[in-house]
Amino acid sequence: MVARPEDLVSRLSSSSDPESRLKALRDIKNQVIGNKRKKRLYLQLGAITSLVQILEQSDSTQLLIQCTTAAGSLAYGSQQGAEAFLANSGLEPLLRTLWSSEHSLVEAGLRTLRSIFQNGAKPAEQQVSADAFAQLVMLAGSSNHNVAVGAARLLPVFCTTQTQANILEQKQGIKMLLALSHAVRSTHHDLVLEALACLTAQWPSLMRAAFAEDASIKRKIEEQLKSPSPEARFVACRCLANYCQGRTFEVHERNTLQSQVIPTLVRLLGDPAVRFSVPRCLNSIIEGNEALQKVATDFEAIPKLAALLQTATAHTALLDLLRTLSTLCQHQEDNRRQVLKDYAILKQILAALESSEAPVRVAACSCLRGLSRSVKNLRCSLVDVDIAHPLMKLLADSNLENLAFRGSTTVKGSIMSALPWTALTSLLRDEETELQAKSLSLLQNLVHGSNTSMTQLTAWTGGNILEELAQVLHRTGEKDTSLQEHAMQTLGNLAGIGGEEERDEIISNPSITGLLPTLLRSSEERLRLAALWLIINIIPAGDQASSLAARRSNLQLAGVLSIVQHLKDSDPSQDIRERAITASNRFATPAEEPQA
C-alpha cells in the first residue's frame, strides 16, 4: 500500500524514530521522481521545511544522504521547488555536506546543488562563503572522479565574484580542470571541458593567466581540436575564443583562430551533435573583424548557416543564426549575394520578423539591414520577397515602434533606403486598415520636425507624396476617421517643414481644400484639430505676401474662414478654440505663433 503524502511529511518530523524518517525520505524521493503533480503536492504540504530541519539538525550520514537526495528530487526540473529550498535557508546546511568524509553524502550534495541551480540560475553573492567556494574548488581535484566532476560542473555556477575568480586562479583551477578532463572516462571528459568553457567565458582572465603560467595548457586544449568527439572539438574552440576575448590579437593568436578555430567551427556547423550551438561561438570570434569574417566565408560558413536556418525551431538557435548571418552581411557584398540568391533563406528571415521573441525580431531586422546596404539588392531581391509588409507590421512592435519619430536625418534616411516609396504606397493602399494606419504613421513621422531633409524626401517620393495623401483622403472619406487624421497630420507636418512651393501645392489641390470644411465641422475633435494645424502651417509668418494672399483667398473661397471664426467662439474644446484663434489671426496678418 502506497503511503499518503500527508503521512510521509508528518513522519519527517518524528525525531524519535530514525528508521521511520529514513523510510519516509525514500518513499518521498520515489514518489516525486518524474511526477510533477506529486512534487507540487509535497511542496504545498511543506516538505521542504522539514527537509531543511533534518539537514540542520541530524548527524546521521544515511539520514543526511536520503534527505539531500529527496531535496534534489523536489528541486529537479521545478523552479518552485528550488526557490522554496532557498527561501527556507536550505543552502547553508546543504553546502556543509561538502565537508563530509563520506563520498556518498558529498556526491548527493553536489547533485542537489546542480538541481537547485539549473537553467542558468546562480546563488546570490552573500549566500556562498569564501570557505565554501574554496572547498568546492578543492573537491574538483578529488581522487574520486564522481566527486571531482560534480564539483567541476558547479564551478561556473558558483564563481560569480572577482574574489571567487581569484581563489580559482590561486588554486590553479584551470590546470586542475584540464587535468581532470584527461583523467576521467569519455562521458565525463566532455562535461569537464564544458565546465571549463563556461567558466572561462565568464572570466577570460583565468584562461589568459593559465596560458601565461603554463604554455602546455594551451597546447593541450589545441589538441582537443583533433578529438573524435564533436563536443570536445567545440568546447576547445570555445576555450580558445574565450582566451582571445576582449583582446587585440597578436600574430600567433590570429593564426590560431584563422587556421584552427574558425575552420573547425565551420565544419561543426554540419555536425548534428553541436551544430545549433556553434553559431554563437563563431559570431563572438568574427564580429567586428572583417579578416576573420572572410576566413569563415572562405570555408563556406554562409551556406551551412543558411541550411541550419531552414531547420531551426528553438528561439535561441534562430537568434544565434540570424546574428551570425547579420555579422557576415554587414560589410561584404559577396556574402550578401550568397544569402540573397536563396529565396527560401530570405523567406525564413522575413518569417523571423514575426517571431514571438523580441530579440529574434531585432536580429532579423539587423540581418535585413545588412542585406539592404546594396541599392541593387534593395531594389531587386528584397522587393521581390515583399520586405515591406513584415517591416511595416513591426511599427506596432513595442520594441521598434516610432523608430522614425524625432529620429535623426541619418535614421530617417536609412528607413527611406530600406523601404522604397513604391513599397510604402502599396501598403497605403492595402486592404488591411491597420496596416494602412501604421504606414501613414511612419510617413507622418518621417516628415516631422526640422531634422527632415526635403531634398531627401523629394528624392525618395519622386515628388508624389502630396498626390498619395490626397488619394488616401479621397479613399477613406468618413468611413475611417483615424486614417483621415493621420493623413491630415502628415500634410500639416509637410506644410510646416516644407518651403513655399510645398505649401502652394497643398492649397492648390482641390481634394484637400475641398475636404477642409467637412473636417472642421467633424464631431471628432482630433479631426478638427488636425485640420486647424494644417491651416496654421499653410499660412505662416515669413512667407512672401503675394503667396500668403493667394493661399488665404483659396481658403476663404472654400468657406474655411467662416468655420474657423465659429470654432474660436463656440467650440466646446479649449484646445480647438485656441488653435482656431491662431488660424483666424493668420488670415488677417502674419502671426508670430510657432509652427507645429
Derivation and outcome, side-chain contact (heavy atoms from CB on, under 4.5 Å), residues Leu325 and Asn335: CA-CA 9 Å; Leu325 281 170; Asn335 296 355; over 6 Å; no
Heavy atoms from other residues, nucleotides or ligands near CD of Glu357 exceed 12 (cutoff 6.0 Å): yes
Beyond-backbone contact of Arg238 with Cys198, side-chain heavy atoms, under 4.5 angstrom: yes
From CA spacing to verdict: side-chain contact (heavy atoms from CB on, under 4.5 Å), Trp421, Leu457: CA-CA 10 Å; Trp421 173 248; Leu457 186 65; over 6 Å; no
Any side-chain donor near an acceptor of the partner, Thr297 and Gln293, under 3.5 Å: no
Value rounded to 0.5 Å, distance of OG in Ser366 from CD in Gln330: 5.0 Å
Within-4.5 Å side-chain heavy-atom neighbours: Val447 and Ile465: yes
Side chain Asn493, main chain Gln444, donor-acceptor under 3.5 Å: yes
Any pair counted as salt bridge (Lys or Arg N to Asp or Glu O under 4.0 Å), so long as it reaches residues 531-542, sequence neighbours left out: none
Distance, nearest 0.5 Å, that separates CZ of Arg586 from CD1 of Ile581: 13.5 Å
Flag for Glu578-Thr582: side-chain donor and acceptor within less than 3.5 Å: no
Atom pair OG1/CG of Thr425 and Leu427 - distance to nearest 0.5 Å: 8.0 Å
Nearest heavy atoms of Gln565 and Ser584, plus distance in Å: CG-OG, 3.9 Å
Distance-only polar pair, side chains of His566 and Ser562, donor-acceptor under 3.5 Å: no
Expected output: side-chain Ser326 to main-chain Leu322 donor-acceptor under 3.5 Å: no
Contact check, side chains of Tyr243 and Thr200, non-hydrogen atoms, under 4.5 Å: no
Under 3.5 Å donor-acceptor, Ser573 side chain and Ile576 backbone: yes
Ala583 to Ile535 - nearest heavy-atom pair and separation: CB-CG2, 4.2 Å
Minimum heavy-atom distance Thr490-Leu440, with the two atoms named: OG1-O, 3.9 Å
Pairwise side-chain contact, Thr461 with Leu424, heavy-atom cut-off 4.5 Å (strictly under): no
side-chain hydrogen bond (donor to acceptor under 3.5 Å, both in side chains): pairs with one or both residues in residues 300-324, sequence neighbours excluded: Arg280-Asp320
Side chain proximity check, Asn289 to Leu257, heavy atoms < 4.5 angstrom: no
Nearest-0.5 Å distance that lies between atom CD in Gln258 and atom CG in Leu292: 5.5 Å
Close side-chain approach of Met488 to Leu527, heavy-atom, < 4.5 Å: no
Atom pair OG (Ser439) and CG (Leu428), whose distance is rounded to the nearest 0.5 Å: 5.0 Å
Nearest heavy-atom neighbours spanning Ala165 and Leu206: O-CD2, 3.5 Å
side-chain contact (heavy atoms from CB on, under 4.5 Å) between Gln484 and Thr518, intermediate numbers included: CA-CA 11 Å; Gln484 282 188 320; Thr518 302; over 6 Å; no
Over 12 foreign heavy atoms within 6.0 Å of CD, Gln544: no
Pair Arg526, Thr481: side-chain N/O donor-acceptor within cut-off below 3.5 Å: yes
Test log, rule side chain to side chain donor-acceptor pair (under 3.5 Å), inputs Glu432 and Gln436: CA-CA 6 Å; Glu432 190 177 331; Gln436 291 181 49; over 6 Å; no
Distance, nearest 0.5 Å, that separates CG of Leu328 from CD1 of Ile286: 4.0 Å
Residue pairs involving residues 556-566 (criterion salt bridge (Lys or Arg N to Asp or Glu O under 4.0 Å); sequence neighbours excluded): none
Side-chain donor/acceptor of Asp543 to backbone N/O of Leu548, under 3.5 Å: no
Side chain to side chain, Gln164 and Thr160, heavy atoms closer than 4.5 Å: yes
Heavy-atom pair with the smallest gap, counting every atom of Leu534 and Ala495: CD1-CB, 4.2 Å
Glu502 (side chain) donor-acceptor with Gly499 (main chain) under 3.5 angstrom: yes
Salt-bridge present (Arg579, Asp575; N to O < 4.0 Å): yes
With Glu500 via salt bridge (Lys or Arg N to Asp or Glu O under 4.0 Å) - residues at least two apart: Arg551
Smallest separation among heavy atoms of Val261 and Cys237, with atom names: O-SG, 3.8 Å
Partner residues of Asp334 under the salt bridge (Lys or Arg N to Asp or Glu O under 4.0 Å) criterion, sequence neighbours left out: Arg337
Lys568, NZ: over 12 other non-hydrogen atoms inside 6.0 angstrom: yes
Test item: Arg528 side-chain N/O and Ser522 main-chain N/O as donor-acceptor pair under 3.5 Å: yes
Min side-chain heavy-atom separation Ile538-Leu491 under 4.5 Å: no
Ionic contact status for Arg361 with Glu354, cut-off 4.0 Å: no
Salt bridge (Lys or Arg N to Asp or Glu O under 4.0 Å): pairs with one or both residues in residues 462-471, sequence neighbours excluded: Arg429-Glu468
Criterion side-chain contact (heavy atoms from CB on, under 4.5 Å) on Arg275 and Leu268, from CA distance to verdict: CA-CA 6 Å; Arg275 58 187 177 182; Leu268 286 171; over 6 Å; no
